[in-house]
There are 2 protein chains.
Amino acid sequence: MTVQQSGRRERKKAATRQKIADTALRLFLERGYDAVGIRDVAAEADVAVTTLFSHFASKEALVFEQDEDFERRLTRAVTDRAPHEPLVPALRREILALVRHCTADSAAPIWRMIDASPALRKYDDSVRLRHAEALAAAIAADPTLTRSETAARTLARFVIDAYSLSREAPDPEAALDEIFPMIEAAWAAARPPHLT
Amino acid sequence: MTVQQSGRRERKKAATRQKIADTALRLFLERGYDAVGIRDVAAEADVAVTTLFSHFASKEALVFEQDEDFERRLTRAVTDRAPHEPLVPALRREILALVRHCTADSAAPIWRMIDASPALRKYDDSVRLRHAEALAAAIAADPTLTRSETAARTLARFVIDAYSLSREAPDPEAALDEIFPMIEAAWAAARPPHLT
DNA sequence: AACGTAACACTAACGGTTAGCTTTTCCTAA
DNA sequence: TTAGGAAAAGCTAACCGTTAGTGTTACGTT
């Protein structure tokens, strides 16, 4: 049983992970994602290739280092909202915040790089689907919502679609203004679950 | 200028492509997707590895050989529907047909294989997104639909979501019965485009 | 102080994919 | 009919992400 660690080990591990991520992002932005190899990143971060892969599951994952934050924020928008606050407006607020975060000037070079690389775009797609599943689980777990599993999953997909479509739109916030009324209507039309 | 070919070349090319696809699918189903290498497929189909990759962009593409059919059927459901037939019911009919096609017993082993392989699932996700874009373009091009570009893209995503969610559901057709009323409501709530 | 183990390193390989180049096969225009 | 052009296919050799196998170091515990 491992209990009560002083923390040096954990801190060193976190530092290694961060150094790898920082180095990777810097090299990718300097030379382009495709022009930088895993061996380059490992050498520049002064770690072994195997160490790099013990911290990140793939080369693409180096770019999406903080996607767990994204997922947590989404599910918390469901679970931590004020009592009796309607679901969809809460999700809309969170998606708006996330879209603003992604379209901020500081994040622009990263997203330009992602858009330029088919591998990264594909990875982003699959990440979004994972987030949709997590969101669906959070929605389905809310006892105040009397909707079926299928409706929960559907709403989750639609909300993630809103995020993705908004990011791609020329005017992201205007796109959200257009998409979320559609989602509201869809959610209102969702049937309650069958009681068997 | 190249014009008027007898067709032997094209037929041979199509035959080679088909032989590769058939061999690949057979080997994948016999031994498992991960257990069969590209070199195995090429050898068994009696072609060079480079030839294989001149017909298929990736190993995963071997499994999704006919995804262009899928895309064509979707866009035609929009463009070839009866005059003044409402859009969403037409799409619903087509999605239902496609879901039935995928969940038929004959297709079951293939989809079991896809579900078992993360690489194939990921590829399927990206294929669906491509189809959503094609569908969005078809919807946006219909002059009888007075909706914005964003609304068209949103509807396309929702429809593709319906397909994907339905395929994964325990009762696919019941899922469609639940999801499409939501899509109807969303489409009804979509704003007409701004006239500038 | 000694042991267990998590983190990291090293080498070598595997498997998908591509570049570079040659050969074969088909089409067409003289 | 044939010569020339080009598409299709072939071969070799490599690139690059990723992993297996096997130590080694550094930390935490007993």
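A note on names: the letters A, B, ... follow the listed sequences, proteins ahead of strands, and every chain is numbered from 1. Quick note: numbers below take in every heavy atom, side chains included, and nothing from hydrogens, waters or symmetry partners.
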### Task
Would you jot down, in residue-number order, the residues of residues 119-126 of chain B having a non-hydrogen atom under 4.0 Å from DNA chain D?
none

### Query
Does A:Arg121 pair with A:Asp124 as a salt bridge, N-O distance under 4.0 Å?
no

### Message
What residues from residues 22-41 of chain A pass a heavy-atom cutoff of under 4.0 Å to DNA chain C?
### Response
A:Arg39

## Note on the structure
Sequence neighbours excluded, the answer for ring-ring contact (aromatic ring centres under 6.0 Å, His included) partners of A:Tyr123 is A:Phe64

### Residues in ring-ring contact (aromatic ring centres under 6.0 Å, His included) contact with A:His55, at least two apart in sequence or another chain
none

Would you mind writing out the side-chain donor-acceptor pairs for residues 108-120 of chain A within the sub-3.5 Å range, not counting sequence neighbours?
| unit_1 | atom_1 | unit_2 | atom_2 | d |
| --- | --- | --- | --- | --- |
| A:Ser117 | OG | A:Ala119 | N | 3.4 |
| A:Ser117 | OG | A:Leu120 | N | 3.1 |

### Message
It should be established whether A:Lys12 places a side-chain nitrogen or oxygen under 4.0 Å from OP1 or OP2 of nucleotide D:dC27.
### Response
yes

#### Entry: Proximity to DNA chain C (any heavy atom under 4.0 Å), residues of residues 47-63 of chain B only
B:Val49, B:Thr50, B:Phe53, B:Ser58, B:Lys59

### Task
Sort and list the pairs that fulfil salt bridge (Lys or Arg N to Asp or Glu O under 4.0 Å) and have at least one residue in residues 153-162 of chain A, not counting sequence neighbours.
A:Glu149-A:Arg153, A:Arg157-B:Asp161, A:Arg157-B:Glu168, A:Asp161-B:Arg157

### Summary
Sorted by chain and number, sequence neighbours left out, salt bridge (charged side-chain N to carboxylate O under 4.0 Å, His left out) with A:Asp171 holds for none

Atom pairs and distances, donor-acceptor, side-chain atoms in residues 29-43 of chain B, under 3.5 Å, two or more places apart:
| unit_1 | atom_1 | unit_2 | atom_2 | d |
| --- | --- | --- | --- | --- |
| B:Glu30 | OE2 | B:Arg26 | NH1 | 3.3 |
| B:Tyr33 | OH | B:Glu60 | N | 3.3 |
| B:Asp40 | OD2 | B:Gly37 | N | 2.9 |

Report, one line per pair, each donor and acceptor closer than 3.5 Å where one atom sits in a side chain of residues 81-102 of chain A; sequence neighbours left out.
| unit_1 | atom_1 | unit_2 | atom_2 | d |
| --- | --- | --- | --- | --- |
| A:Arg81 | NE | A:Glu85 | O | 2.7 |
| A:Arg81 | NH1 | A:Val78 | O | 2.8 |
| A:Arg81 | NH1 | A:Asp142 | OD2 | 2.8 |
| A:Arg81 | NH2 | A:Asp142 | OD2 | 3.4 |
| A:Glu85 | OE1 | A:Ala82 | N | 3.4 |
| A:Glu85 | OE1 | A:Arg93 | NH2 | 3.4 |
| A:Glu85 | OE2 | A:Arg93 | NH2 | 2.6 |
| A:Arg92 | NH2 | A:Asp177 | OD1 | 2.5 |
| A:Glu94 | OE2 | A:Arg73 | NE | 2.7 |
| A:Glu94 | OE2 | A:Arg73 | NH2 | 2.9 |
| A:Arg100 | NE | A:Glu173 | OE2 | 2.8 |
| A:Arg100 | NH2 | A:Glu173 | OE1 | 3.1 |

### Contacts of B:Ala137 that satisfy side-chain contact (heavy atoms from CB on, under 4.5 Å) - sequence neighbours left out
none

### Task
Kindly write out the residues that satisfy side-chain contact (heavy atoms from CB on, under 4.5 Å) with B:Ala156, not counting sequence neighbours, or none if the list is empty.
B:Leu135, B:Ala136, B:Ile139

### Summary
Rounded to whole Å, NZ of B:Lys13 lies from P of D:dA8 at a distance of 4 Å

